Structures are given as C-alpha cells and as structure tokens.
Amino acid sequence: MTKSLETHELRKTFGGVTALDGATVKFRHGRVNALIGPNGSGKTTFFNCVTGMIRPDSGTTTYQGQDITRKTPHAIVRAGIGRTFQLCRVFPRMTALDNVLAAVRPGGITRALLGARHPSEVDRARSWLTRLGIEHLAGVEARNMSWGQQKLLELAGVLNAGPETILLDEPAGGVNPALLDRIGSLVRELNAEGRTFVIVEHNMDLVMSISDHIVVFDRGRPIAEGTPAAIRSDERVLGAYLGV
Amino acid sequence: MRNVSRWATSGGAVLLVAALLLFPSVAPNPYVLSAGIVVLNYAVLSTSWNFVGGFTGYISLGHGALAGLGGYATGLLVVKAGLSSFLALFAAAVLVGLVAVPVGFAALRVRGASFVIVSIAIVLILLLVFQSWASFTGGSRGLVVPRPFPDLSRPEHHRAFWYLYSGLLALALLAWWLVDRSRFGLGLKAVREDEDKAEALGTPTFAYKMIVFVVSAFFTALGGGLYALWFGDLDPVFQFSILSGSYLVLMALLGGVRNLFGPVVGAVVVGVALEYFKVSFGDTQLHLVATGVLLGLVVMFMPDGVLPALAALVKRLRPDDSATIREETAEELRDRRLANAGDKR
Amino acid sequence: MDGALLFQSVVLGLLLGGLYALLAAGLTLYFGIMRVVMIAHSAFLILAAYLAWWTHTELGIDPLLSMIVTVPLFFGAGVLLQRGLLSRLRPMTLTMMSVLLTFAIAVTIEGLLGYAFTGTQRRIQLGYGSASFGLFGARIAVVKLIAFGLAAVALGGLYLLMKRTRFGWALRATIQHQDAARLVGIDTARIAGYGFGLGLATAAVGGTALSLDTTIYPSLHWHWIGPLMAIIVVGGLGSVPGAAAAALILGLAQSVLQIPMGTTWAQTVFYLALFATLAFRPQGFFGGRLAQRF
C-alpha cells in the first residue's frame, strides 16, 4: 500500500453555504503537494476537516491507511499531521523558545510532568529555532516579533511536534520576497529529509516552483490535478479562477 | 529575566515561611490570630483557584462553592459517618475531586463563556440543595462540626489551625510551582494563549483542563474542609456564595495570576480590606459596593495584577536591565551554537 | 392531578416564559455582539423594578409610567457600558474579563440598592393588584397578564427592529461578522454600543413588569441570573429565537414541575437542562454556529 493522505467524499455546510461538496483527494507521501483554488473554494475548510478542527458532515479521511475522520486534533497530530494557520498563530505572551517547546512530540504526553525546560527538550527546540534562523529571538515574547518572524516561529513549533506530513495554510501570505525564497527552499529541504507537504497558497510563483503535484479546488471539490506544467495549461483551472 | 524571577520566587518563599512561622508569636491577641487564619484560608483557596485561572485563563466564579462543598462534606462525614476529623477532611477532598469530573465534563468541552456560566450555576445549585435538603444538611439552621482537638483552649486551637493552614498553603504552592515548570504546565499556558493552536500542536487540551480542574477542586475542598473543622459551624448562605467565589478571583487577579505568590499577596491585601470594610461600613451594603468597585478597577486597569505592575516599575527604574537580559541570552546562544556546530551539517 | 390546576400552571408558565424570553433576548444580544456574558443584566432588572416601585410609592403614579424614564436611561447606560468600559478591555481576554467586570457592576448595583432602600422586601400595592379572571377554571391575575403583555410587546418591537429597519440590518450584520460589516461601511463600534443599549432597555421593561407582582429585594438578581444563563445556553448562545424558545419551554417546565416538586426544587430544571445541553449538545438545541466555540 502506498502511504498517503486521502479524503473520500468530504462534505461540510455552514448554514446554507456549502464549503466542501464531496471532496475526494489523494496526497501521496513524500511529495510537496499544493492545493490551490479561488477564494472561498473550501481550501481552509478542507484543512480544518482533515486536522479535526471541524467535523465534516459526511465523508472520511484516511492517513497511511488509518481512518482519522473522527479523531481529535491532538490525536491527528500524534498520528503524524501537523499544520499552520492561515493568519499565523503563535502564543503571544510566551517566549519563542516556549512556543516551540509547547509542541507535544510523540510520547510527550506520558512525560507531561517532566520539567518543561529539560535540557534535551531545550536543545531540540533551539535547534529548530537555529534552523529557521530565529535563534537570537529565543527569549523574546512572540507578540514582540515581526510578522515574518512569527511565521517562522509557527513553523518551528509545528516541526518540533515531529509530524511526517505538514499542512501549510498560506505560508507566503504577507511575507517579503527574501523570506518567501527562504520558505520555499526550506520546504524543499524538509521534503528532501522525508516530510510530506500540503500547501494552500495563492502565490503561483511559489506554488509552481516548489510543488510536485497540484490539486485545484473549486466550489468545495477538486476539479483538476497534476504536475505544475499540466495545471498551468489546464483550461478548467483558468475557468475557475477567471469565472469563465 | 528567568534569573530575576527565580530570585523573586526564592525570596518570596523565604519571606512567606518566615511570616508563617512567626505570625502566631507576634499576633497580640487571639482575635488577630483568627483574622490571620481567615486571610490564610483565602490564600489557600485563591492559590487553589489559580490552578485553573492562572494556567488556563478560565475564570471560575464557583470555587467558593467548591470550598463550601468540601466543608460540608467534611462536616457530614464527621457527624453522620463518624469518621475522624482529618480522615473526613481527606475523604471530602477526594469526593469533591470526583464531583469535579462531571462538572468539568460539562464545563470544559466548550470554551470560556460556558465555563463561567457553569461555575455560577454550581453555586446556585449547591445553595438550593443544601438549603432545601434540611434533613441531611441541617438546612438554613446550619451544621455544627465538632472540633478535632476538644482539649485545646481557644488560642491554642487557633494556633494549631494556623500551622495546619500553613502546611496546606505550602503544599498548594509547591504543587502549583511543580505544574508551572512542567510540560503539563506549558501545555496549560498554551491553552490560555490560544486553545486551537495548542490542540494543533498536539496538546490534549480537554484532558489537560480536566486534570487541572480536578486538582484545583481537590485543594479548594481541603481548604474548605479545614475551615469547617476550625470554625465549627457551617451556614449554606455563606458556604455557597458567588460573592466568596468572587473574592478568590479578585485576590488572584490583584496579586497576579501568572505569579506563584500572586494569590497570596492578593489574599493579604483583599483579606485585610474586607475586614476593614466590615468594620467601617458595618451592616450597610457598602462593603458590596467597595468590593464591586475594587474588582472593576482591577479588571480595567491592572488585569495582570500588582506584582507584575511592580515588576514593570522596577524594570523601568533599572534602564540597563533589558540590555543584560539580551546579553545573557546571546551568550547562551553562542555556547549552544558552538556545541551544535559539530553535529549539524 | 387536577386538570384545572395543571392548566393554570401551563398558563402561568407561559406568562413567566414570556418574561424570561424578553430578558434572555437582551443577554443574547450582548453575547452576539461581543461574546460577553453579561452578569449584571439581572441586577439592572432588579434596579428597574426598584425604580418602578419607587415611582409608585413616592410619586404615587402607576409603576408602568416609570418606563418613560427608565427605558431611555437604561439605553444610555448600555451604550456607555459598552463604549466606556467593555470595549476598552483587551480583546484576547475579553470573554473572561467582561464576566468579571459585569459581575463587579452587579455587585455594585446590589450594594447601592441595599444602601438606598435597605434589605427590606418591597412590594407594589396596586389597585388592580388582586384582580384576576377565570379562564377554563384557571385563575389568572391581571398583573401577570400585563407583565406578559409588556414582554410580548417589547419582544415584538425588538423583532421588528431587528428585521425591518436599517439599524437592525446593521446590528445583525455586526453580530454575524464584525469585519465584513465594517467592510460594507457599517460603523460597528457605534452599532455595538446601541446594541448594548437595546439589550439593557429590555431589562428596564422586564424589571417594570417584574415589579407588578413580585416581592423585590436587592439580592434577588441572583435568582434570575442562573435561569437566564441556562436559557441562553440551552437556546444556543447568540441565537435570539433559540433563547425565546428555550425560555418558553423552561418557564413552562418550571411552572408545571412546581406542582409535584414544590417551588424550590422546580428551579433545578434550569440547571439540569444546562448540564444536559453542555454534556450532550454544547452548541445548544436551537442554536447558531457561534455556540460551538464558546
């Protein structure tokens, strides 16, 4: 069996609005996958359903062959799926180091009564901060950091939870071009180390340059998928974006 | 910063231990000592409240009633079941911890607003039950709890309870401190900052909230039970009052919910103030107004408490303070980087 | 069980439920506008009842006339409360801190009432206070019907205001999505203030209705806040129709259960409903989407 993150016929409505309309998608393991589509096409709702933040009305999600549809968000993290949020979310009144330490790694719950600043934990957390180039901010409260720094910090936290698969919700949103390049190469690096990505993103340059596989959403369901080259020349995609 | 706060914690601990040991000898008369015990009772309850309020940011107005339940359970176990006083105290606290489980199940599955509503409802329900079920609880006539040390004179009795309360306070503070520095505590603080985010980083937020709520209820009940044994007379109107619950919140908030000793400081300030209000306003309802205005002022202008406000003041008076912090961190980092240089890349 | 007695309880329950519905509507408005659980709502209710009582005993005019003053007064107080105090709290801890702030206001009002009017129980003696009429064997006091009428008129007015006016449209938009409302040019800050004023005005009407046939004392508000809280949770926080439905059903249940259980134990129905709702259906039984997260 190939390892993958799959959804089958996910459906979710809010009041009268259908956010997901029978979304069946498969993201293969080891790839950088992108999920694109016009605003309101259900991408974030899709993330929220997959990560257990909201419960779909019907349909299933399986990860590595295991049904995770009704699991709680923290259990899904332990199963190996981490995520960032659309408008980056960090713990504002906690230091950068504590932000990263707050991620629960597999087996971390049984050691809950351990000191939070156990040297081995701190070393690991700091190494993530170093990797993302924000180690000099370890002692700074997150609310005093810049937007770009907070985005990196959020990613550091997610990485410290040790997920195999990472869902990024608009990683390029509101960041400057230099940081954009860095995020792009970081994703490729982490992917080379064996992590799978699913990225929701509007910046097409970034999407086209880093992804192996692209899924296009429109009105709550996939309408096309394929390699960046194939997607670029797909007329349905153009139609969805331009409303033709 | 961490070093500064470590010094503050140790210094606070030394001061507190000294005060706890010396107060009975310097208290001029039994009245002052008994007033001191009332304040100490508040300190225990407010610290217990702070397990939930301080770590998770969930504000309970019902902890006064949990203390009352602990008191009544202790009293009833002594009177009706014939248990010895301190066995009853412990059993009552366990019992209240168990009661906290279904309460927490209803209150903690959803977010803050429902929690507050449930915490208020608990007070009203318990008041209703304990007033109306007179055949079991004594109803509005109250419940007389036999004293655990019948041979002691009144001052000796106060003195014994002063030390019992001191021990309990030390225990509660120790537990809070342990949680504060644990991974569990970090998870709870993450809940306070952003619950969805904490969950998305793998924290089982519901279980964490539940555990800390039960721990908090346990200590609260111990405080309430000890009060029952000391005071010897329980009245539902005072045991199950939202007002007494709000005192605990006011104390913790005033002292600072993120500080180990915040609630203790708050208990001393508010406890003394309450005593003063009672003396100067007598039977009028102005003590309610004073409490309300004080709480409103704290919420509007000092939501982080006086201790943090003082800390900020100290920081402002020492302009080079922030520089030293940064230097320290940078130094640590340099070491770390050198150590890491070998195995990374 | 006696059929007439049961029928009487049902009627009284519905009349009481109407008052609950009006008050719960106010609470729901506050919650919808800024996720605030307004503990002081019932304290303002009792304040209005005291003002009605004072109008009657000191000025010797009908207590209903006190509304000419109290309704605009409370509206202003609500706007001030929102603009001057609640909107100045930190957004991050707003839900929790607003509870404490409104609690502080409730305690202050209770204290001031106790100081001004003492803790003595008060009751309005009306000329038509003891008048009643028979309806299929049940006896219904006229004042209860007046109270219900007041509640129904106020609730109906609120409904029309919300559904038919431009202000209502702006208020509903603000409740549903503050940012989106701002984008379409609604001054959400001002609308939120007026929304609070409206909510508090319902307390003025409710308090006047309450004063007609109830014995009042300063700490009475604690007996109201519990049931009202239960109603808004059962109704699904933030949903006005949900709150109204829950108010009628629970008011009815309380009234009917008084026959076998007595007045004291019948109150537990609110708390049982509250716990059952939170344990099994935290979003409430009629409720909107809001509730899931609170």
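Residue numbers start from 1 in every chain, and the chains themselves are labelled A, B, ... in the order their sequence lines are given, proteins ahead of strands. Note that this is a predicted model, so its numbers are computed, not measured.
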Next item on the list: Please flag which part of C:L112 lies under 4.5 Å from any non-hydrogen atom of chain B: side chain, backbone, both or neither.
Entry: both
Item checked: B:V118 and C:L278, any side-chain heavy atoms less than 4.5 Å apart -> yes
Check: Is B:M300 close to C:L101 at the side-chain level, that is, under 4.5 Å between some pair of heavy atoms?
Finding: yes
Margin query: With a 6.0 Å cut-off (strictly less than), is the heavy-atom count around CZ of B:F206, excluding the residue itself, greater than 12?
Written below: yes
Next item on the list: Indicate the atoms forming the closest heavy-atom contact of B:V103 with C:F275, along with that distance.
Entry: CA-CE2, 4.4 Å
Check: Taking all non-hydrogen atoms of both residues, which atom of C:V107 and which atom of B:G292 are closest, and how far apart?
Finding: CG1-N, 4.2 Å
Check: Is it the backbone or the side chain of B:I122 that comes under 4.5 Å from a heavy atom of chain C, or both, or neither?
Finding: side chain
Notebook entry, point to check: chain B heavy atoms under 4.5 Å from C:I105: which part of the residue, side chain, backbone, both or neither?
Noted result: neither
Next item on the list: If a pair satisfies side-chain hydrogen bond (donor to acceptor under 3.5 Å, both in side chains) and one of its residues is in residues 250-268 of chain C, list it, with sequence neighbours excluded.
Entry: C:Y20-C:Q254
Checklist line | Between C:H223, C:R88, C:R90, the one whose heavy-atom pairs under 4.5 Å with chain B are most numerous | finding: C:R90
Check: Hey, does C:V99 have a side-chain heavy atom less than 4.5 Å from the side chain of B:I59?
Finding: no
Checklist line | Heavy-atom side-chain contact between B:V249 and C:M96 under 4.5 Å | finding: no
Check: So which of B:T291, B:L295, B:L250 has the largest heavy-atom pair count under 4.5 angstrom toward chain C?
Finding: B:L295
Notebook entry, point to check: Given side chains that start at C-beta, do those of C:P218 and B:Q285 come closer than 4.5 Å, heavy atoms only?
Noted result: no
Check: Can you tell me how far CD1 of B:I120 sits from CZ of C:F103, rounded to the nearest 0.5 angstrom?
Finding: 7.5 Å
Next item on the list: Look at atom CZ of C:F117 and say whether more than 12 heavy atoms of other residues, nucleotides or ligands are closer to it than 6.0 Å.
Entry: yes
Note to self: Among B:G53, B:A121, B:A107, which residue has the highest count of heavy-atom pairs closer than 4.5 Å to chain C?
What the structure shows: B:A121
Next item on the list: For chain C, find its close neighbours in residues 239-247 of chain B: heavy-atom separation under 4.5 Å, sorted by number, or none.
Entry: B:I242, B:L243, B:S246
Note to self: Within this structure, what is the CG-CD1 distance for the pair B:L61 and C:I39, rounded to the nearest 0.5 Å?
What the structure shows: 6.5 Å
Check: In terms of heavy-atom pairs under 4.5 Å, which option from C:A116, C:G226, C:G111, C:A106 contacts chain B the most?
Finding: C:G111
Next item on the list: Provide the closest heavy-atom pair for C:A104 versus B:G296 in the form atom of the first, atom of the second, distance.
Entry: CB-N, 3.7 Å
Next item on the list: Sort C:L100 into side chain, backbone, both or neither according to what part of it lies under 4.5 angstrom from a heavy atom of chain B.
Entry: both
Notebook entry, point to check: Where do B:V293 and C:T108 come nearest, in terms of heavy atoms and distance?
Noted result: N-OG1, 3.8 Å
Note to self: Under 4.5 Å from any heavy atom of chain C, what part of B:Q131 do you find: side chain, backbone, both or neither?
What the structure shows: neither
Checklist line | Reported CG-to-CD1 distance for the pair C:L272 and B:I125, which is rounded to 0.5 angstrom | finding: 7.5 Å
Notebook entry, point to check: Tell me, side chain or backbone of B:L297 under 4.5 Å from chain C's heavy atoms, or both, or neither?
Noted result: neither
Next item on the list: Measure distances from B:V123 to the heavy atoms of chain C and classify the residue's part below 4.5 Å as side chain, backbone, both or neither.
Entry: neither
